[in-house]
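I have placed the structure first, in the form of structure tokens, so that the comments after it can refer back to it.
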Amino acid sequence: MDLSFVIPCCNEEDSVSSLTTTLFPIVQQLRRDRSVEVVFVDDGSVDRTYELLRQIVADQTDMRIVQHPRNLGLGAALRTGFASATGAVIVTTDSDGTYRFDEIPALLTLMKPGIDIVTASPYHRRGSIENVPKYRVILSRGSSLIYQVLVDRHVATYTALFRAYRREVAWRVPFQSDGFLAGTELMVNAMLAGYHVAEYPAVLRARQAGASKAKILRIIRAHLRFQWGVLLRRLRLRANPQLHKQEGTL
């Protein structure tokens with residue numbers, strides 16, 4: 001398989017039915033010159049998400065659903081999706097339309113030799129934000145600014161789920177978080193291990209349907225703990241450069 005989509009879903013009955021008109025045409029477009037599969041991960045939904053997903057994928061080729069019996073969190077859903085995906089490149093995205101699916105082909109054009117991750121970047125100088133609650137922008141942008149100081153100042157956005165990974169990154173780089181920190185943790189760990197990131201200037205929009213599952217205080221605490229760990233790791237590497245080789249293997 002050339003390309004895999006991994007799409008976590010949790011209580012998204014208000015948004016999954018629209019995938020037939022928003023996501024599926026993009027999948028068909030991409031299938032013109034490559035093989036594509038779609039892996040939905042139902043993370044313990046208690047509404048009609050799983051039932052609706054079964055309905056919309058019933059007649060589709062290379063689309064399947066992996067189900068968690070209970071809610072395990074976004075990070076756990078990503079690990080389940082990565083384990084099931086077989087593509088050389090794996091795209092992760094929300095199902096709620098915060099980033100438009102029709103931007104995926106353009107995002108994939110940045111996956112060139114020497115690039116291991118392409119991440120959506122609303123905080124890129126050519127990116128933008130539309131109608132997103134101010135407190136969420138402050139949290140996301142503030143976290144990204146700290147990661148710029150700790151990891152790489154040339155990367156503007158560290159908190160997007162809308163990304164493409166080479167399979168090696170998704171399968172080999174560990175991340176421990178089961179929650180919303182997971183995407184950031186994976187990319188930071190990959191960067192510290194020597195993998196290279198390109199940014200796709202994107203528009204971050206308010207979700208089109210349903211309600212966010214994010215618990216703001218929990219996310220802030222998770223980022224602060226992880227950022228402290230990254231700082232200690234960087235100080236340790238500075239004190240002992242020989243550890244760089246070990247860090248590179250994670």
Side-chain angles (χ1 to χ4, degrees), residues 1-10 12 15-16 19 22-24 26-27 30 34 36-43 49 53 57 62-68 72-111 115-122 140 144 155 157-191 195-200 202-205 207 212-214 219:
M1 193 66 63
D2 297 318
L3 178 65
S4 298
F5 285 72
V6 170
I7 305 178
C9 303
C10 180
E12 292 287 355
S15 63
V16 295
L19 295 174
T22 57
L23 174 66
F24 288 13
I26 304 305
V27 172
L30 291 168
R34 72 195 88 187
V36 182
E37 66 177 1
V38 181
V39 180
F40 293 101
V41 182
D42 175 39
D43 186 29
T49 296
L53 284 173
V57 307
D62 290 323
M63 291 192 183
R64 60 186 180 277
I65 311 164
V66 184
Q67 186 179 33
H68 289 167
L72 299 178
L74 176 62
L78 288 176
R79 282 191 289 272
T80 295
F82 290 159
S84 181
T86 62
V89 172
I90 301 173
V91 170
T92 59
T93 181
D94 295 292
S95 63
D96 59 21
T98 50
Y99 292 98
R100 292 171 59 106
F101 299 124
D102 59 13
E103 294 190 87
I104 291 173
L107 180 141
L108 289 171
T109 63
L110 299 184
M111 185 63 81
I115 299 299
D116 306 295
I117 302 171
V118 180
T119 185
S121 184
S140 174
S144 289
V155 176
T157 303
Y158 284 79
T159 53
L161 178 64
F162 190 58
R163 289 187 187 146
Y165 300 90
R166 294 203 185 275
R167 179 171 56 194
E168 177 182 347
V169 175
W171 283 11
R172 294 187 59 184
V173 177
F175 58 100
Q176 303 303 317
S177 174
D178 288 332
F180 282 81
L181 175 68
T184 300
E185 183 185 357
L186 172 54
M187 191 170 86
V188 168
N189 286 345
M191 293 170 71
Y195 292 100
H196 297 96
V197 173
E199 291 188 281
Y200 171 73
V203 180
L204 173 62
R205 297 174 173 85
R207 65 162 39 237
S212 172
K213 316 306 183 298
I219 294 172

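Note: hydrogens, waters and symmetry copies are ignored here, and every other heavy atom, side chains too, is used.
When the shell of 6.0 Å around CZ of R100 is examined, it contains 12 or fewer heavy atoms from other residues, nucleotides or ligands.
Across all their heavy atoms, L78 and A182 have their closest contact at CD1-CB, 4.2 Å. Nearest heavy atoms, F101 versus I26: O-CG2, 3.6 Å. In terms of heavy-atom proximity, T157 sits nearest to M187 at O-CE, 3.5 Å. The two atoms that bring E199 and S121 nearest to each other are OE2-OG, 2.6 Å, heavy atoms only.
At least one donor-acceptor pair under 3.5 Å links the side chain of S144 to the backbone N or O of Y158. Using a distance-only test at 3.5 Å, with no hydrogens or angles considered, no donor-acceptor pair links the side chain of N189 to the main chain of V173. Listed for the R79 side chain is a donor-acceptor partner under 3.5 Å among the backbone atoms of F175. The main-chain N or O of E12 is found under 3.5 Å from a side-chain atom of T49 such that the two form a donor-acceptor pair. Side chain of E185 to backbone of S177: a donor-acceptor contact under 3.5 angstrom is found. Between the side chain of R167 and the main chain of T86, a donor-acceptor pair closer than 3.5 Å is present. Listed for the R166 side chain is a donor-acceptor partner under 3.5 Å among the backbone atoms of I115.
Separation of atoms CG (D96) and OG1 (T22) is listed at 10.5 Å; rounding is to 0.5 Å. Interatomic distance, Y200 OH to L108 CG, rounded to the nearest 0.5 Å: 10.0 Å. Here CG of L53 is found 7.5 Å from CG of L19. Values are rounded to the nearest 0.5 Å. Atom CD1 of I65 is separated from atom OG of S84 by 11.5 Å, given to the nearest 0.5 angstrom. To the nearest 0.5 Å, the span separating OG1 on T93 from CD on E103 amounts to 10.0 Å. Atom OG of S140 and atom CG of L204 lie 7.0 Å apart (nearest 0.5 Å).
No side-chain heavy atom of D43 sits under 4.5 Å from any side-chain heavy atom of P8. Inter-residue side-chain proximity for L30 and F5 is flagged as met; some heavy-atom pair is nearer than 4.5 Å. You'll find the side chain of R163 stays beyond 4.5 Å of the side chain of V169, heavy atoms only. Taking the side chain as every heavy atom from C-beta outward, M63 and F24 approach each other to under 4.5 Å. In this structure, the side chains of Y99 and P122 come closer than 4.5 Å at one or more pairs of heavy atoms.
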Next item on the list: Output, in order, the C-alpha distance, side-chain angles, deciding distance and verdict of side-chain contact (heavy atoms from CB on, under 4.5 Å) for T92 and F82.
Entry: CA-CA 9 Å; T92 59; F82 290 159; 3.6 Å; yes
Next item on the list: Go through L161 and T98 one step at a time and tell me if the side-chain contact (heavy atoms from CB on, under 4.5 Å) criterion holds.
Entry: CA-CA 10 Å; L161 178 64; T98 50; over 6 Å; no
Checklist line | Step-by-step side-chain contact (heavy atoms from CB on, under 4.5 Å) determination, R64 to V57 | finding: CA-CA 7 Å; R64 60 186 180 277; V57 307; over 6 Å; no
Next item on the list: Begin from the C-alpha positions of D116 and E168 and carry the test side-chain contact (heavy atoms from CB on, under 4.5 Å) through to its verdict.
Entry: CA-CA 8 Å; D116 306 295; E168 177 182 347; 5.9 Å; no
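For the residue pair E37 / S4, a side-chain donor-acceptor distance below 3.5 Å is found, with atom types taken as modelled.
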